[in-house]
Every structure is written in C-alpha cells, then in structure tokens.
Amino acid sequence: MSTLTAEERVTKLFKKYEPAYAHDYPARDMTYMSHALQTAQLAKNEGADEETILAALFLNVGLFSRPISDWTKDVRFELMKYLLIDYNGREHVADSGICGSRYLQYFGFPKKTCELLESNTLTKNYIGTVDQAYVNNLDIGLAQNPDWQMELSDTKKSEFEKDPLFKEKVQLVKWGVTAATKTKDSPPDLDTYRDMVIRNIQI
C-alpha cells in the first residue's frame with residue numbers, strides 16, 4: 001500500500017466499497033450506500049470538517065471488512081487481539097468500529113477520522129447509559145442493537161466525556177441514526193467525495 005499514490009489508494013478503496021455497500025441496510029428501504037451518503041450529507045449540512053464528513057461516509061465500512069482472510073498480511077497482526085470465531089469457524093474482528101478504523105488507517109486516512117470511527121460502539125453504550133429516552137424513541141429495528149443496552153460505569157462515562165472528540169463522536173452516531181430513519185433525500189453519489197478523500201489521504 002505504501003507504494004500507491006493517494007489517487008490509487010482511493011480507487012482501490014472505492015472498488016471494494018461500492019459493491020459491498022450495494023447490500024440492503026437491515027429492515028430499511030435503503031442500501032448501505034444510501035445510508036452512508038445520507039449520513040455524510042447530514043454531517044456536511046451541519047458544517048462538519050472534512051475529517052468528520054469522511055467518518056460519516058465510512059461509518060459502516062468495518063461491517064464489510066471483518067473477515068480476517070480478506071485483509072493483507074501487514075494489517076492482520078494489528079487486528080488479532082480483536083478476533084472472535086463465528087459459528088462457521090471463520091475469524092472476525094469483534095468490533096466493526098475498531099475494524100473500520102484500522103481499515104481506514106491502512107489506507108492512510110487522518111487520525112481524527114479513524115478515532116471517530118473507532119469509538120462507535122462505545123458512543124452507543126454512552127448514549128444508552130445517559131439518555132434512555134433517546135434509545136426508547138428509536139424504532140424497534142435500531143433499538144434491538146445490544147450496543148445501546150450495555151451500560152457504562154460512572155468511571156467509563158466520565159472518561160468518555162473528557163474525550164476531546166466527545167461531542168463529535170456523539171453527533172456522528174446520531175447522524176447515522178437519523179440517516180437510517182428520517183432522511184429520504186437523494187444525496188450526491190460516492191464519487192462526489194473522491195477529491196475530498198484524496199485530499200485527506202496521508203501518504
């Protein structure tokens with residue numbers, strides 16, 4: 001990967017990303033691609049910086065890169081501590097946010113983008129701990145995700161609230177929820193973000 005230009009990295013990423021995101025989003029009248037584009041558009045509409053918009057665009061990328069066999073050898077070692085074995089005996093990374101973060105790091109995405117993605121599950125744990133009314137208002141398809149139900153200790157909650165990216169992490173999750181439930185606009189297609197991704201890739 002280190003020998004590829006930013007443009008070549010983005011082409012490689014989009015080539016894998018587009019067909020994977022063509023799958024239907026569970027219990028939604030949309031694809032994962034539509035959800036990703038809606039989430040990115042919400043971030044853009046609210047004046048988020050490019051690193052945050054990219055985190056919104058690739059919010060679910062870890063879901064499609066979890067089998068370890070799909071990763072190149074130089075990335076696998078870093079992921080080994082997150083492994084689970086599924087019922088078919090395949091190795092998977094336990095947390096899609098962590099997996100997505102490592103995946104984007106491999107392509108050279110900015111540190112902030114990767115950090116926002118990495119805390120996706122923790123952020124849902126936090127929201128479920130401090131704002132049960134928010135979770136109760138989710139439709140049943142989203143509310144059944146166990147990430148909302150894992151209550152954080154007071155210590156963990158306090159630590160998370162001191163995170164410099166705390167507000168952005170919470171907002172990112174909420175944009176993802178809104179994109180899955182309320183937005184029906186037709187956002188720009190993935191290629192619209194090509195130049196933004198290239199600008200932010202760090203060689």
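Sequential numbering from 1 along the given sequence is applied to the chain's residues.
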**OP:** Start with the C-alpha distance between Gln38 and Trp175, add both sets of side-chain angles, then the distance that settles side-chain hydrogen bond (donor to acceptor under 3.5 Å, both in side chains), and finish with yes or no.
**Re:** CA-CA 9 Å; Gln38 297 278 12; Trp175 282 329; over 6 Å; no
**OP:** Decide, yes or no, whether a salt bridge links Lys12 with Glu8 under the criterion of side-chain N to carboxylate O below 4.0 Å.
**Re:** no
Original post:
Looking only at heavy atoms, which two atoms of Ser101 and Glu118 are closest? And how far apart?
Top reply: OG-OE1, 3.3 Å
Original post:
Do Phe166 and Thr123 have side-chain heavy atoms sitting under 4.5 Å apart?
Top reply: no
Subject >> Point-to-point distance, once rounded to the nearest 0.5 Å, from NZ of Lys156 to OH of Tyr126 >> reply: 15.0 Å
Subject >> Ion pair check, Glu7 and Arg194, cut-off under 4.0 Å >> reply: no
Original post:
At their closest point, which heavy atom of Glu115 faces which heavy atom of Lys169, and how far apart are they?
Top reply: O-CE, 3.6 Å
Subject >> Euclidean distance, Leu57 CG relative to His35 NE2, rounded to 0.5 Å >> reply: 11.5 Å
Original post:
Yes or no on side chain to side chain contact (heavy atoms under 4.5 Å, CB included) for Glu168 and Gln171, after CA distance, side-chain angles and deciding distance?
Top reply: CA-CA 5 Å; Glu168 288 157 288; Gln171 187 59 68; 5.6 Å; no
Original post:
Once you round to the nearest 0.5 Å, how far does CG of Leu54 lie from CZ of Arg199?
Top reply: 9.0 Å
Original post:
If every non-hydrogen atom of Asp163 is compared with every non-hydrogen atom of Leu165, which pair is closest and at what distance?
Top reply: OD1-N, 2.7 Å
**OP:** Quick one: pull up NZ in Lys157 and CD in Glu151 and give me the separation to the nearest 0.5 Å.
**Re:** 9.5 Å
Original post:
Which heavy atom in Leu172 sits nearest to a heavy atom in Ala56, and how many Å separate them?
Top reply: CD1-CA, 3.5 Å
Original post:
What is the distance from atom OH of Tyr32 to atom CG of Asn60, rounded to the nearest 0.5 Å?
Top reply: 6.5 Å
**OP:** Report yes or no: does Asn137 contribute a side-chain atom to a donor-acceptor pair with the main-chain N or O of Ala133 at less than 3.5 Å?
**Re:** yes
Original post:
Of the non-hydrogen atoms in Ala179 and Leu42, which two are nearest, and what is the gap between them?
Top reply: N-CD1, 3.8 Å
Subject >> Minimum heavy-atom distance between Ile201 and Phe107, given as atom pair plus value >> reply: CD1-O, 3.3 Å
**OP:** To the nearest 0.5 Å, tell me how far Arg9 CZ sits from Phe14 CZ.
**Re:** 14.5 Å
Original post:
Do side-chain atoms of Thr192 reach the backbone of Pro188 as a donor and acceptor pair under 3.5 angstrom?
Top reply: no
Original post:
Is a side-chain donor or acceptor of Ser119 paired with a backbone partner of Leu116 at a separation under 3.5 angstrom?
Top reply: no
Subject >> Check: Cys114 and Leu117 side chains under 4.5 Å, non-hydrogen atoms >> reply: no
**OP:** List for me each residue that meets ring-ring contact (aromatic ring centres under 6.0 Å, His included) alongside Tyr134, sequence neighbours excluded, and say none if there are none.
**Re:** none
Subject >> Donor-acceptor pair, side chain of Thr129 and main chain of Leu152, under 3.5 angstrom >> reply: yes
**OP:** Could you list the residues that satisfy side chain to side chain contact (heavy atoms under 4.5 Å, CB included) with Glu51, not counting sequence neighbours?
**Re:** Asp49, Pro110, Lys112, Thr113, Asn200
Original post:
For Phe109, what residues pass the ring-ring contact (aromatic ring centres under 6.0 Å, His included) criterion, not counting sequence neighbours?
Top reply: Phe58
